[in-house]
Amino acid sequence: MSSIGTGYDLSVTTFSPDGRVFQIEYAAKAVDNSGTVIGIKCKDGIVLGVEKLIPSKMMLPGSNRRIHAVHRHSGMAVAGLAADGRQIVARAKSEATNYDSVYGDPIPVKELADRVASYVHLCTLYWWLRPFGCGVILGGYDRDGPQLYMVEPSGVSYRYFGAAIGKGRQAAKTEIEKLKLQDLTCRKAVIEVAKIIYGVHDEAKDKDFELEMSWVCDESNRQHEKVPEELLEEAKAAAKLALEEMDAD
Amino acid sequence: MDQVDFNAPHSMGTTIIGVTYNGGVVLGADSRTSTGVYVANRASDKITKLTDNVYVCRSGSAADSQVVSDYVRYFLHQHTIQLGQPATVKVAANLVRLLAYNNKNNLQTGLIVGGWDKYEGGQIYGVPLGGTIVQQPFAIGGSGSSYLYGFFDQAWKEGMTQDEAEELVKKAVSLAIARDGASGGVVRTVIINSEGVTRNFYPGDQLPIWHDELESHNSLLDILGAPEPMNI
């Protein structure tokens, strides 16, 4: 549903005659053109996965991380403009540590999502700021169990069972819907997420990519951490195998 | 005899207690507020509500403890609205602690925070003078508590029933009242559990008699049907 908002799209403080704020919609386009980012909530935790497109063969594997730890119990995967993403992560970390110092308890994931969303929304209210050109998938495990939230450039934030943003989000969402999330443990989910990301990666259009994954679950002691090396390798192998089987048809 | 100084700061000599049991907490306190040797209020309520599920026992300077409670009540109210659910006891105690610690040079109040939340059940947190926070199965505070350390060493046990816990608190406060001049009046208790809050009040004639104390007698004024003092 694209349209050109000529004349009404120069400022984030201008509405169009049909009630749209075009600058925010354009910000969302920046997210849509980025590598796919997925998050799913399973039986015992959250898994986050990123299709990290590598622009140059000179880059060191493992650099330019797209998944960040916000607090011991939560992590954030970013899609869109990387520099904007870094700001949001910094703010989230700051909110989380501030909450901990004042209230003596790790910040509830819902509260963290609300604060990140407020911050992102803030930047859509003033003409001298521009909206963030990135979307964020936030996963955490607190007293109310594992929770997954997604924050869009407009500042809207919802809670999800499964969420996907970026280039391959439509295909990814379809795949996620096929999974039976209530029965899936995080260990199995890591394999599934890898398969989905490898599946939605467009070999023709895009260059190489690196798979980045993290989880926070009962197995990781409710701490957010990178998926352990051997499990990650196992997931990558299973994903490549699944791709070959698909191609063989 | 020295003249009573009515301008001396109101202090609650006090005995305050907080005890966990299987299902919640019981908070207890005496009711004496003194200004020097004059008892300014013989029926004060030292157990103050912070939220529906968290109460605090106040000791030391009456003004200081009231102000701290007021601030914490205000912050907790906003926190509850933001969170969308009742605050936890730990959060309440931590807010009390932040105020007590950061203003330690200007405050003289020892507090016991007790309550119930759905995550951890009944909890007691002591916040004594310097602003430390320590979670304990039971806590005692105020000038009268000096006389209770040995008593609790002997009488305290884990996993009491609600009645056992309340009996323990009542007995302890009344023992402290017997020995501490700065504690007196009635015994108030507040029981907090998953079902809610129950306030109880025990005047002198409902408390046990200890060594060397006299039985209370009905006043002759009541028995003889004497006229009201003001009607003469």
Side-chain angles (χ1 to χ4, degrees), chain A residues 41 44-46 70-74 88 91-122 125 138-151 155-160 216-218 221-224, chain B residues 18 50-51 53-54 56 68-104 111-128 130-136 139 194:
Chain A
K41 166 174 134 63
D44 61 339
I46 304 280
V70 170
H71 201 57
R72 281 182 299 278
H73 64 8
S74 49
I88 297 187
R91 179 75 184 209
K93 285 180 179 171
S94 156
E95 292 281 5
T97 41
N98 173 260
Y99 185 99
D100 206 324
S101 351
V102 170
Y103 297 105
D105 227 17
I107 185 169
V109 189
K110 173 172 186 284
E111 182 64 22
L112 179 61
D114 276 349
R115 291 189 184 199
V116 170
S118 292
Y119 181 61
V120 170
H121 178 241
L122 188 78
L125 293 174
L138 163 65
Y141 201 145
D142 64 19
R143 310 190 104 125
D144 296 310
Q147 291 153 73
L148 185 70
Y149 289 88
M150 181 163 88
V151 183
V156 123
S157 149
Y158 290 120
R159 193 169 158 188
Y160 292 91
V216 53
C217 55
D218 291 335
N221 237 320
R222 303 196 181 181
Q223 311 275 35
H224 177 259
Chain B
L50 294 180
T51 68
N53 57 317
V54 182
V56 61
V68 168
S69 307
D70 287 347
Y71 270 113
V72 174
R73 190 179 308 119
Y74 170 65
F75 295 139
L76 278 175
H77 184 207
Q78 297 184 318
H79 180 65
T80 305
I81 292 173
Q82 177 77 0
L83 226 55
Q85 59 184 39
T88 57
V89 189
K90 188 195 226 189
V91 160
N94 213 49
L95 289 173
V96 170
R97 180 269 292 213
L98 280 179
L99 283 171
Y101 178 75
N102 290 323
N103 296 294
K104 60 160 76 193
L111 302 151
I112 297 180
V113 181
W116 184 94
D117 61 52
K118 69 181 186 203
Y119 298 111
E120 300 285 332
Q123 300 142 73
I124 294 284
Y125 293 86
V127 183
T132 22
I133 178 173
V134 53
Q135 184 182 6
Q136 305 165 283
S194 58

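Values below: every heavy atom of this structure, side chains too, minus hydrogens, waters and symmetry copies. We name chains A, B, ... by the order of the sequence lines, and we start the count at 1 in each one.
Asn94(B) and Val102(A) make their closest contact through ND2-O, 3.2 Å (heavy atoms, listed as atom of the first residue, atom of the second, distance).
Counting heavy atoms of neighbouring residues, nucleotides and ligands inside a 6.0 Å radius, atom OH of Tyr158(A) does not exceed 12 of them. More than 12 heavy-atom neighbours from other residues, nucleotides or ligands sit within 6.0 angstrom of OH on Tyr160(A). No more than 12 heavy-atom neighbours from other residues, nucleotides or ligands sit within 6.0 angstrom of CZ on Arg72(A).
Atom CD of Glu120(B) and atom CZ of Arg143(A) lie 4.5 Å apart (nearest 0.5 Å).
Using a 4.5 Å cut-off between heavy atoms, Leu83(B) touches chain A through backbone and side chain atoms alike.
Using bins of under 30°, 30° to 60° and over 60° for the plane-to-plane angle, the ring pair Tyr103(A)/His79(B) lands in the parallel bin.
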